[in-house]
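Down below is the structure, laid out as structure tokens.
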Amino acid sequence: MRLKRNHLKKFVSISTILLGLASLSTNGYASTAFPSVRLVKDTSDILTNYQPYFDFVVRIGNQVDASSTRKMITSFTELKKRNPEAAARFLKGLRFELVDKAERMGRREVILTSQNPEIQRWVGRFIKEWAREADEHLYRVTSSQIAKK
């Protein structure tokens, strides 16, 4: 009987630790490395290869301004469905801004993570603008589709 209790205690302890680690990573507290993707020009390549930059911003944005991040995700998802070229332009601009900021900080992208306080402040400062940019791209696509009818 005592042996069963010891095994049960070990099982509960290990399960609790694993569950805690899993919840940290899904809640956004685990660190994500700054993406490093080579420059591409084709629309489908941009949509595929530059997605990690968007995901990086979303990971940080959910921590610093969840409302604006949700707006950006919603606009970008709709934009991607309606006009992949416009979505690619948005991702291309986002990638440029992130890489430019990393270079201006004088840091190699390898060192930067989603837990870097300076990157978090910077994303927090610009997430509303990126949400607005995604919405503006979507507005242009929608208005041009209406004009064509």
Side-chain angles (χ1 to χ4, degrees), residues 10-149:
K10 284 182 184 178
F11 176 75
V12 169
S13 298
I14 291 172
S15 298
T16 304
I17 291 170
L18 291 176
L19 201 60
L21 290 173
S23 69
L24 283 177
S25 64
T26 57
N27 287 336
Y29 296 111
S31 183
T32 302
F34 189 88
S36 181
V37 177
R38 65 181 174 81
L39 192 63
V40 294
K41 298 196 186 281
D42 185 47
T43 298
S44 63
D45 289 341
I46 290 172
L47 287 173
T48 303
N49 295 337
Y50 289 3
Q51 185 69 36
Y53 293 99
F54 184 78
D55 297 340
F56 184 77
V57 167
V58 166
R59 161 97 49 188
I60 297 169
N62 281 330
Q63 294 175 21
V64 296
D65 187 350
S67 174
S68 295
T69 303
R70 279 191 304 275
K71 289 176 187 175
M72 183 181 72
I73 292 169
T74 303
S75 295
F76 179 73
T77 303
E78 186 64 28
L79 180 65
K80 199 171 178 180
K81 279 193 288 187
R82 288 188 182 192
N83 190 324
E85 288 179 15
R89 280 193 298 275
F90 174 76
L91 283 181
K92 190 174 179 180
L94 184 64
R95 178 196 179 273
F96 175 80
E97 289 182 34
L98 288 170
V99 170
D100 185 58
K101 175 62 176 174
E103 289 172 358
R104 288 175 188 251
M105 288 172 59
R107 308 259 175 83
R108 293 188 348 251
E109 291 93 353
V110 177
I111 297 171
L112 297 175
T113 68
S114 60
Q115 294 301 312
N116 181 297
E118 193 172 357
I119 289 290
Q120 287 180 340
R121 281 191 303 275
W122 185 69
V123 169
R125 196 170 80 210
F126 288 103
I127 193 73
K128 286 180 180 152
E129 287 185 36
W130 292 327
R132 189 178 66 240
E133 282 180 27
D135 193 50
E136 287 173 0
H137 277 80
L138 180 60
Y139 174 78
R140 282 187 224 115
V141 166
T142 304
S143 62
S144 69
Q145 288 174 345
I146 291 171
K148 287 179 183 178
K149 291 181 181 183

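In this structure, OG in Ser75 is found 12.0 Å from CZ in Arg132, a value given to the nearest 0.5 Å. Between Trp122 atom CH2 and Leu112 atom CG the span is 10.5 Å, to the nearest 0.5 Å. Here CG of Leu98 is found 10.5 Å from NZ of Lys101. Values are rounded to the nearest 0.5 Å.
Although no hydrogens or angles enter the test, the distance criterion places a donor-acceptor pair under 3.5 Å between the side chain of Ser143 and the main chain of Arg140.
The salt bridge (Lys or Arg N to Asp or Glu O under 4.0 Å) search around Arg121 returns none, not counting sequence neighbours. Legend: residues meeting ring-ring contact (aromatic ring centres under 6.0 Å, His included) with Phe90, ordered by chain and number and at least two apart, are Phe76, His137. Ser44 is linked by a side chain to side chain contact (heavy atoms under 4.5 Å, CB included) to Asp42, counting only residues two or more places apart in sequence or in another chain. A search for side chain to side chain contact (heavy atoms under 4.5 Å, CB included) contacts involving Phe56 returns Thr32, Phe34, Pro35, Ile60, Ser114, Ile119, not counting sequence neighbours. Every residue two or more places apart in sequence or in another chain that forms a side chain to side chain contact (heavy atoms under 4.5 Å, CB included) with Thr69 is listed here: Val58, Asn62, Ile73, Ile127.
Of all heavy-atom pairs between Leu79 and Val141, the closest is CD1-CG2, 3.8 Å. Between Lys128 and Ser68 the shortest heavy-atom distance is CG-OG, 3.1 Å. In plain terms, the two heavy atoms of Glu118 and Asn116 that are nearest each other are N-OD1, 2.8 Å. Heavy atoms only, all atoms of each residue included: Leu91 and Phe54 are closest at CD2-CB, 3.6 Å.
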For residues 82-89, which side-chain N or O atoms pair as donor and acceptor with protein atoms under 3.5 Å away, sequence neighbours left out?
| from | atom 1 | to | atom 2 | distance (Å) |
| --- | --- | --- | --- | --- |
| Arg82 | NE | Glu78 | OE2 | 2.8 |
| Arg82 | NH1 | Thr142 | OG1 | 2.5 |
| Asn83 | OD1 | Glu85 | N | 3.1 |
| Asn83 | OD1 | Ala86 | N | 3.1 |

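One side chain, Asp55 or Gln51, offers a donor N or O that lies under 3.5 Å from an acceptor on the other.
Residues Lys41 and Lys92 have side chains not in contact (no heavy-atom distance under 4.5 Å, counting atoms from C-beta outward).
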- Query: Glu133 and Glu97: side chain to side chain contact (heavy atoms under 4.5 Å, CB included), yes or no, with the steps?
  - Reply: CA-CA 13 Å; Glu133 282 180 27; Glu97 289 182 34; 3.9 Å; yes
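Within 6.0 Å of atom NZ in Lys80, more than 12 heavy atoms from other residues, nucleotides or ligands are found, so the atom counts as buried in its surroundings.
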